[in-house]
Amino acid sequence: MEDKRDWIKIKERDTVAVALEELKKGSIKIVDNRELKLLEDIPFGHKFAIKNIKENENIIKYGEPIGHAVRDIEVGSHVHTHNLKTNLDDIISYEYNKINSDFIKEDIEKAPCFEGYIRENGKVGVRNDIWIVPTVGCINMTAKNIAKLAKNKYGNLVDDIVPIIHDKGCSQLGNDLESTQKILAGIINNPNAGGVLVLSLGCENNSLEVFKPYLGEINEKRVKFLVIQEIEDEYEKAMELIGELVDYVSGFKRESVGIDKLTVGFKCGGSDAFSGITANVLCGIVNDEIVSYNGATIITEVPEMFGAEKILMARAINERVFNDIVDLINGYKNYFKKYNQTIYENPSPGNKKGGISTLEDKSLGCIQKGGTSPVVGVLDFGDSITDSGFYLLNGPGNDQISSTNLIASGATIIVFTTGRGNPFGTPVPTIKVASNSSLYNHKKHWIDFNAGEILEEMTFEEAKNKFMKELIDIASGIVKTKNEEYGFKDISIFKDGVIL
């Protein structure tokens with residue numbers, strides 16, 4: 001990567017560079033040992049041409065096409081949505097062309113360790129919470145009230161008591177209801193929840209009778225159920241059950257385990273042009289580090305793989321996984337088509353303002369979070385990771401929904417990169433990583449880690465070491481994330497169906 005103080009060229013073959021600060025028209029830059037005069041003001045995070053680009057010629061960033069020029073673009077010109085258009089179009093066919101991976105597995109005995117809670121099923125949590133999970137949204141306030149009462153009485157005996165609030169579970173039909181059930185079951189089975197109180201109203205579509213089978217084998221000491229229409233005082237009974245859960249949960253103590261026991265979900269939100277240069281690349285390096293020691297990692301946001309999916313497909317560990325990735329990508333494209341929506345109507349207005357021009361531009365930056373390790377599996381909504389390695393997970397780019405999907409698949413920590421900022425957090429520690437120092441300095445009550453230092457003095461190796469220390473401190477409960485400090489612990493469940 002060729003790096004200058006006020007601009008950056010990411011890959012050798014790129015035909016654009018990215019401004020690290022606002023660049024003025026007429027200023028002279030030395031690019032590839034040649035003088036270049038800027039013909040326009042270039043906003044912070046935006047691209048400028050470092051060679052003449054002909055109409056219909058591909059524009060290269062990250063070493064890959066991010067679209068084509070809609071007219072001739074002169075060297076030194078601003079390159080953005082006014083003169084760049086996506087190359088992507090509809091559903092396409094793919095061929096299995098596996099790359100020869102040189103990914104190296106490390107000696108698990110040398111894995112860095114953290115202090116976690118080893119559950120009876122062998123999974124390891126990084127928090128020892130009690131979660132209150134309604135099967136239906138109309139009893140959300142009941143869950144909140146119970147959590148408040150329980151915190152007042154038992155709050156010093158567990159890490160937290162969290163109401164898992166959502167608006168689903170009733171008037172849903174078919175596959176839509178089933179996806180809600182799978183997501184809620186995955187959340188209940190997340191090892192950060194030492195104990196869970198499942199609240200049912202009693203008349204909802206997602207009644208306990210139909211929901212319980214999605215939970216699999218139930219540890220009755222860990223999961224309690226309460227149907228509130230069936231008793232006179234739901235608060236009194238709930239406190240009795242939570243008392244039993246507290247007795248069970250407080251028996252767990254932190255023990256030293258290797259990072260092979262971590263399951264980390266990676267996502268991005270409110271991205272800017274530096275997300276794919278700093279924060280997401282750092283995530284990819286950390287992702288590889290965890291996988292090299294037999295840990296488990298997940299990325300999701302399927303629409304933000306469009307345009308970069310062939311890179312992921314080439315990393316499939318075998319042809320079955322390759323076919324699963326094809327189904328993942330084309331299945332999501334068909335979801336767009338089902339509702340007569342343009343498949344490539346992305347990125348968002350905020351992304352564009354931050355300098356991202358096309359979905360390829362966004363996707364190539366997005367998948368940097370996946371590092372270089374082989375893809376060992378594809379997960380659908382609510383599917384839980386059962387082994388180590390790097391996984392892809394079905395779901396949208398929406399921050400709340402994609403984060404919820406990660407928790408339901410077993411992520412005990414989420415690493416959330418952002419260039420424009422987002423205070424959102426989940427019931428599991430959600431580590432916010434800023435792509436630029438300006439955001440970090442402006443929103444320190446949102447952001448946990450500053451990857452913007454990579455644009456300044458810090459090397460990627462130094463950033464990785466610093467981040468891994470913070471990750472381990474967070475996993476061990478030594479440090480709380482900003483979302484934990486400020487009480488951002490929300491979920492949102494994907495919906496795709498009829499409401500009665």
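Every value quoted in this text rests on a predicted model; they were computed, and no experiment measured them.
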Peer 1: Looking only at side-chain N and O atoms, does D448 offer a donor or acceptor that is under 3.5 Å from a partner on T481?
Peer 2: no
Peer 1: Thinking salt bridges, do K24 and E22 make one under a 4.0 Å N-O criterion?
Peer 2: yes
Peer 1: Can you tell me which residue among V479, D473, I472 is in a side-chain contact (heavy atoms from CB on, under 4.5 Å) with S476?
Peer 2: I472
Peer 1: For a side-chain contact (heavy atoms from CB on, under 4.5 Å) with V133, tell me which candidate from I491, V223, L184 qualifies.
Peer 2: L184
Peer 1: Do we get K333 above F306's six-membered ring, with its NZ or CZ under 6.0 Å from the centre and within 45° of the axis?
Peer 2: yes
Peer 1: Scan T300, T430, D399 and name whichever one has a side chain to side chain donor-acceptor pair (under 3.5 Å) with K267.
Peer 2: D399
Peer 1: Mind running side chain to side chain contact (heavy atoms under 4.5 Å, CB included) on I188 and V198 for me, showing each step along the way?
Peer 2: CA-CA 8 Å; I188 290 167; V198 180; 3.7 Å; yes
Peer 1: Taking atom types as modelled and ignoring hydrogens, do the side chains of Y62 and E360 form a donor-acceptor contact shorter than 3.5 angstrom?
Peer 2: no
Peer 1: Are any of the side-chain nitrogens in E453 or K466 under 4.0 Å away from the carboxylate oxygens of its partner?
Peer 2: yes
Peer 1: Does NZ or CZ of K482 fall inside the cone over F488's six-membered ring, less than 6.0 Å from its centre and within 45° of the axis?
Peer 2: no
Peer 1: With ring pair (Phe, Tyr, Trp, His ring centres under 6.0 Å) as the test, would you mind laying out the steps for F494 and Y335 before giving the verdict?
Peer 2: CA-CA 13 Å; F494 183 77; Y335 165 63; 5.6 Å; yes
Peer 1: Mind checking the CD1-CE spacing from I329 to M305? Nearest 0.5 Å is all I need.
Peer 2: 6.0 Å
Peer 1: Ion pair present between K362 and E304, side-chain N to carboxylate O less than 4.0 angstrom?
Peer 2: yes
Peer 1: Rounded to the nearest 0.5 Å, what separation is found between the OG1 atom of T297 and the OH atom of Y391?
Peer 2: 9.5 Å
Peer 1: Nearest 0.5 Å please: distance from the CD1 atom of I401 over to the CZ atom of F381.
Peer 2: 8.0 Å
Peer 1: Does a side-chain N-to-carboxylate-O contact under 4.0 Å join E301 and K369?
Peer 2: yes
Peer 1: When rounded to the nearest 0.5 angstrom, what distance separates CG in D160 from NZ in K489?
Peer 2: 3.5 Å
Peer 1: If you measure from CD1 on I447 to OG on S435, what distance do you get to the nearest 0.5 Å?
Peer 2: 9.0 Å
Peer 1: Please report the interatomic distance CG(D361) to CD(E64), rounded to the nearest 0.5 Å.
Peer 2: 12.5 Å
